[in-house]
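See structure below.
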Amino acid sequence: EDRLKLLQRAIQESTQQGQPRFPQAVYEMGIAYYRDKQYSDALKWFEQVGVNDSRGLEARFYLGVCQFQSGGIDAADKSFSELLTPMPLY
């Protein structure tokens with residue numbers, strides 16, 4: 001819980017014009033909710049991580065998993081498909 005509070009504070013203090021400027025903290029918030037199997041909460045955080053951010057591709061993967069776990073099969077398919085170009089499987 002203390003970790004979540006610290007992450008939330010970092011995100012809040014780094015937000016400019018409604019956009020978080022600390023994508024690592026946003027990613028870690030998603031991971032915290034993901035580990036607790038709170039997929040709908042986790043996906044809200046993963047959606048905020050840009051694909052070009054340092055953890056962007058990982059966030060996109062976890063976003064797809066959370067969407068799948070929340071019943072959003074089509075959304076999950078789209079998220080996973082976005083990974084094929086930067087991370088081909090062949």
Verify same cluster id: L57, M29 (apolar side-chain graph, 4.5 Å): yes
Distance (rounded to the nearest 0.5 Å) between R60 CZ and S81 OG: 11.5 Å
Distance (rounded to the nearest 0.5 Å) between S79 OG and E47 CD: 8.0 Å
Ring pair (Phe, Tyr, Trp, His ring centres under 6.0 Å) partners for F61, two or more places apart: F80
Joint hydrophobic cluster, W45 plus V51, side-chain heavy atoms closer than 4.5 Å: yes
Shortest non-hydrogen contact between S40 and S70, atoms and distance: N-OG, 3.7 Å
Minimum-distance pair of heavy atoms, taken over all atoms of G64 and A76: O-CB, 3.3 Å
Distance (rounded to the nearest 0.5 Å) between Q38 CD and L43 CG: 11.5 Å
Side-chain heavy-atom pair P23, R55 within 4.5 angstrom cut-off: no
Same apolar cluster (I L V M F W Y, side chains within < 4.5 Å links), L6/Y34: no
Y27: side chain to side chain donor-acceptor pair (under 3.5 Å) partners, not counting sequence neighbours: E58
Mutual orientation of the aromatic rings belonging to F46 and Y62 [parallel < 30°, tilted 30-60°, perpendicular > 60°]: parallel
Whether over 12 other heavy atoms sit under 6.0 Å from Q12 CD: no
Under 3.5 Å donor-acceptor, Q48 side chain and K44 backbone: yes
Any side-chain heavy-atom pair of F68 and D77 under 4.5 Å: no
Backbone N/O of Y33 and side chain of D36: donor-acceptor pair under 3.5 Å: no
Side-chain H-bond candidate by donor/acceptor type, Q24 with E28, under 3.5 Å: yes
